Amino acid sequence: MNATITVLPGDGIGPEVMVEALKVLKAVAAAGGHRFAFHEAPIGGNAIDVYGTALPDETLRQARAGDAVLLAAVGGPKWDDPAAKVRPEQGLLKIRKELGLFANIRPVKVTPFLAQSSPLRPEIVEGTDIVVIRELTGGLYFGPRKEGGEADAEPAAVPAALKARFPKSRYAYDTELYFEAEVERVVRLAAEMARARRKKLTSVDKANVLATGRLWRQVASRVMREEFPDIEVEHILVDAAAMHLIRRPTTFDVMVTSNMFGDILTDEASQIAGSMGLLPSASLGAPGTPGLYEPIHGSAPDIAGRGIANPLAMILSAAMMLRHSLGLAGEAAAVERAVAAVLAAGYRTPDLARPGETTVTTAGMGDAVVAALQPQVAGSWEH
């Protein structure tokens with residue numbers, strides 16, 4: 001097949017791990033007779049330096065025109081002033097919003113040969129296989145807000161009785177806003193994924209305190225009752241979910257939750273696997289929309305340029321792209337098996353290595369995945 005992929009290396013270790021993902025994709029294309037066109041564009045801090053914006057118009061145009069978007073990481077100390085009007089993270093939020101990517105899919109799987117890398121006891125994490133689906137374009141991150149309100153101002157959004165508690169004090173607020181249709185579509189996507197797995201869905205909210213949490217639970221309950229009666233449904237409060245992810249992660253299958261809760265819970269879940277350098281993600285919208293694929297780790301500026309970053313999350317994000325945007329499920333599975341093979345063979349970047357274990361470089365890990373991929377393509381892909 002022919003496909004156009006928008007490549008956004010971004011900042012920090014982003015360019016380094018992206019090189020390895022592209023190396024793997026080129027090997028897949030060569031073996032399968034595909035033609036992938038890679039169009040690189042700026043985003044994040046590097047875009048701010050050159051264009052004064054975290055998401056240039058041309059980058060967005062290329063993203064819309066392509067079949068999928070690969071993004072590595074944005075941000076770094078150079079641009080981390082929270083008071084700055086333009087910040088790298090704005091580019092990430094904007095591209096998700098502009099492409100209509102309403103669901104972020106983050107798989108968390110613990111393999112036996114990496115259970116020792118987890119900070120939790122191996123008997124707790126072994127067998128963990130979770131997919132967390134985070135609503136991506138609504139909620140607290142996109143609701144009405146006020147930053148740095150003046151002490152003497154009296155906007156309708158801030159009742160006078162509240163301001164009287166702290167006279168002459170500046171204020172700020174963020175508003176969580178969800179529409180029923182936003183909850184419906186992400187719950188429906190999560191339920192369809194659960195139906196293809198172990199048929200269990202955990203919906204996470206804060207219905208005991210938040211109005212949005214009560215709406216979330218009501219809508220999720222209705223969708224599951226009317227459309228997915230064959231799926232086991234569990235409703236759980238976010239604080240309990242955070243606790244149970246540590247106590248009993250193997251009991252979860254598919255989890256679905258709001259934007260902010262998903263942001264927090266997926267970072268917590270990443271540590272179950274031992275390293276954020278292992279976990280990919282996919283951000284999806286309506287059919288026909290280019291998906292965006294990125295590792296869940298940040299730009300890791302402290303190790304940028306040292307050749308020690310773990311590229312596996314970026315490589316696995318590329319595998320998710322092959323499956324969800326390009327329809328190449330066999331190729332995606334082959335890449336995932338190659339990653340599993342190199343880990344089983346003992347290849348480790350420093351983030352995964354235990355004392356005494358030999359480590360490989362970023363490029364060395366990418367080369368190992370390509371080498372492990374070759375025996376699988378001697379015949380044909382398994383679709």
Side-chain angles (χ1 to χ4, degrees), residues 102-110 115 118-121 123-143 174 176-178 180 182-225 228 231-276 278-284 296-297:
F102 64 83
N104 181 251
I105 302 171
R106 298 189 177 187
V108 179
K109 190 170 185 177
V110 179
S118 174
L120 301 179
R121 297 197 308 271
E123 63 267 26
I124 291 176
V125 300
E126 280 187 18
T128 297
D129 184 2
I130 309 170
V131 174
V132 185
I133 300 179
R134 165 190 172 190
E135 198 289 322
L136 206 55
T137 57
L140 199 62
Y141 295 170
F142 292 98
D174 298 278
E176 171 126 314
L177 175 65
Y178 267 115
E180 185 175 27
E182 290 180 299
V183 182
E184 282 180 345
R185 65 186 183 181
V186 74
V187 169
R188 189 173 289 119
L189 185 149
E192 289 170 349
M193 186 161 289
R195 180 174 276 166
R197 287 169 51 89
R198 302 195 301 273
K199 294 191 175 183
K200 179 179 180 181
L201 179 69
T202 301
S203 178
V204 180
D205 58 45
K206 192 64 175 170
N208 61 335
V209 174
L210 301 178
T212 48
R214 289 187 284 277
L215 175 71
W216 185 284
R217 186 169 295 201
Q218 291 163 7
V219 174
S221 297
R222 175 179 56 77
V223 169
M224 298 306 297
R225 182 179 63 253
F228 300 92
I231 306 298
E232 178 188 351
V233 185
E234 173 187 33
H235 297 279
I236 188 170
L237 298 176
V238 64
D239 39 356
M243 177 178 65
H244 294 321
L245 271 173
I246 299 301
R247 292 183 58 218
R248 50 174 180 84
T250 59
T251 65
F252 292 106
D253 182 16
V254 176
M255 302 177 72
V256 62
T257 191
S258 66
N259 205 338
M260 183 180 70
F261 293 162
D263 192 2
I264 297 167
L265 290 177
T266 50
D267 280 0
E268 179 192 10
S270 74
Q271 294 308 297
I272 295 172
S275 173
M276 295 181 81
L278 288 172
L279 302 183
S281 78
S283 297
L284 306 178
I296 77 163
H297 59 67

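Keep in mind it's a predicted model, so treat the numbers as computed, not measured.
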Under a 3.5 Å distance rule, please check whether [X] uses its side chain to pair with a backbone N or O of [Y] as donor and acceptor.
X	Y	answer
N259	L136	yes
T202	M255	no
T250	T128	no
E135	G138	yes
E234	I236	no

State, to 0.1 Å, how close [X] and [Y] come at their nearest heavy-atom pair, and which atoms those are.
X	Y	value
V108	A269	CG1-O, 3.5 Å
R217	A207	NE-CB, 3.8 Å
A190	V256	CB-CB, 3.7 Å
L120	I246	CD1-O, 3.7 Å
S270	I296	CB-CD1, 3.4 Å

Please tell me if the side chains of [X] and [Y] come closer than 4.5 Å, counting only heavy atoms from C-beta onward.
X	Y	result
T257	V238	no
M193	I105	yes
I124	P249	yes
L177	T212	no
M260	I264	yes
R134	V204	no
I133	N104	no
L201	M224	yes

Cationic tip of R225 above F228 ring, under 6.0 Å, 45° of axis: no

When rounded to the nearest 0.5 angstrom, what is the spacing between [atom1] in [X] and [atom2] in [Y]?
X	Y	atom1	atom2	result
L215	E182	CG	CD	9.5 Å
L279	D267	CG	CG	9.5 Å
E192	I231	CD	CD1	10.0 Å
L189	R185	CG	CZ	10.5 Å
T266	Q271	OG1	CD	11.0 Å
D174	F142	CG	CZ	12.0 Å

Inspect the contact between [Y] and [X] and indicate whether a charged nitrogen and a carboxylate oxygen are less than 4.0 angstrom apart.
X	Y	result
R222	E184	yes
D239	K206	yes
R214	D205	no

Side-chain donor-acceptor pair under 3.5 Å between [X] and [Y], yes or no?
X	Y	result
D263	Y141	yes
R106	S281	no
S258	W216	no

R198, CZ atom: more than 12 neighbouring heavy atoms under 6.0 Å: yes

Test log, rule side chain to side chain donor-acceptor pair (under 3.5 Å), inputs H235 and S221: CA-CA 9 Å; H235 297 279; S221 297; 3.1 Å; yes

Salt bridge (Lys or Arg N to Asp or Glu O under 4.0 Å) partner of D253, chosen from R195, R197, K200: R197

